[in-house]
Amino acid sequence: MIAAGTEEAQRFRLLAVDDDQVRDDFAAAVRHGLLQRNKMLPCRYLYDARGSLLFEEICRQPEYYLTRAEQEILDARAGEIAARVPPDTTIVELGAGSAKKTRTLFDAFFSRAPGTRAPRLRYVPIDISRAMLAASGRRLVEEYPRLEVQALAAEYRAGLAALGPSEARPKLVLWLGSNVGNFRRADAARFLASVRRRLGAADRLLMGVDLRKSPAVLEAAYDDAAGVTARFNRNLLARINRELDGEFDLERFAHRARWHERRGAVELALVSVGAQRVAIRALGIELAFADGEAIHTESSYKYSAGELARLAAASGLRVETRWRDDAHRFALVLLAPRVTRARRRRAAARGRPVSPPARGR
Ligand code: TRP
């Protein structure tokens with residue numbers, strides 16, 4: 001606990017963007033998703049306070065190799081990554097969670113510029129779990145005396161918009177954990193293009209991406225023997241029960257994770273055990289489920305090297321460096337904005353050179 005007015009408290013600020021809108025969105029999204037012929041629930045609602053804790057537990061399961069593979073790469077490459085960006089860089093993290101992996105980068109940044117005259121490092125974690133941000137932000141400023149945390153409780157889009165113009169400060173944007181895989185491929189490119197628009201020429205995006213591999217390994221990663229992922233998935237129904245006065249019997253929805261080769265994605269669903277009717281009182285609806293009927297909750301797209309290069313190109317980015325873990329399960333890519341000739345010409349016409357980046361405006 002940090003007392004108000006202490007030095008740590010001054011280095012940690014938490015801003016909630018659009019809280020009410022998110023709550024209203026949940027009701028609207030549940031209604032919309034469950035009244036469709038192919039029932040679905042948008043995955044971002046998996047991460048309430050409880051879901052975020054369960055997700056942390058998923059990351060510790062032996063089958064869920066993603067976290068460890070990414071950590072392995074960060075351990076090996078953090079120094080190299082820190083050396084690629086200017087000293088006064090702000091680290092922005094999309095979907096920061098507990099920011100456990102980010103510590104590896106903080107350590108690298110601080111050991112790059114040791115001593116008390118080293119500049120403060122600004123960290124802007126963006127996450128939809130306010131509880132997670134509050135807990136991890138406090139811990140971080142206690143652990144790192146030269147770290148300044150400006151947390152944004154927001155969805156990606158609103159959080160990015162709150163960052164301000166691309167020229168404002170040199171940045172390293174982190175998007176770890178293969179969260180890109182939870183977007184359909186075309187949506188991933190659109191989202192990355194919107195990130196790219198916030199990047200100045202010297203800014204970089206560091207993205208973790210899970211790679212295509214054997215279906216057995218992939219399916220196990222999303223259906224661990226201890227049943228944590230199943231609980232995480234069912235928490236979506238529990239959340240409807242809690243927040244929207246729903247009557248889902250969690251025992252009667254089975255967790256399913258299935259690799260879909262053509263899409264290149266693990267598809268997650270909750271499958272009705274037997275035919276049943278379920279009321280959601282706050283929405284004034286009653287749903288009918290056939291035996292075996294699925295609610296689609298999440299897709300986790302996997303990438304080949306070629307798919308990754310195409311994704312970058314479609315987003316106006318280029319892969320500057322790609323690192324993999326020893327077993328080649330996971331990739332960490334450093335992406336740079338691709339400056340097209342047309343953009344260079346337009347910038348020159350306005351009298352602003354594109355590179356080197358103009359700062360301090
Ligand atoms: N980004 C993570 C992934 O795709 C999220 C995740 C892991 C997840 N396990 C899950 C999402 C289970 C829903 C259900 O790997």
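Whatever order the structure lists ligands and atoms in, that order sets their numbers, starting from 1.
Listed for the Glu57 side chain is no donor-acceptor partner under 3.5 Å among the backbone atoms of Leu53. Checked by atom type and distance alone, the side chain of Glu293 pairs as donor or acceptor with a backbone atom of Ala290 at under 3.5 Å. A side-chain donor-acceptor contact under 3.5 Å links Arg196 to the backbone of Gly316.
Near ligand 1, residues Leu46, Tyr47, Phe55, Tyr64, Leu66, Gly177, Ser178, Asn179, Asn182, Tyr222, Thr229, Phe232, Leu268, Glu298, Ser300 come within 4.0 angstrom through at least one heavy atom.
Counted within 6.0 Å of CZ on Arg318, heavy atoms from surrounding residues, nucleotides or ligands total more than 12; the atom is thus considered enclosed. Atom CZ of Arg103 has more than 12 neighbouring heavy atoms from other residues, nucleotides or ligands inside a 6.0 Å radius.
Between Phe26 and Tyr45, the ring-plane angle classifies as tilted under the 30° and 60° cut-offs.
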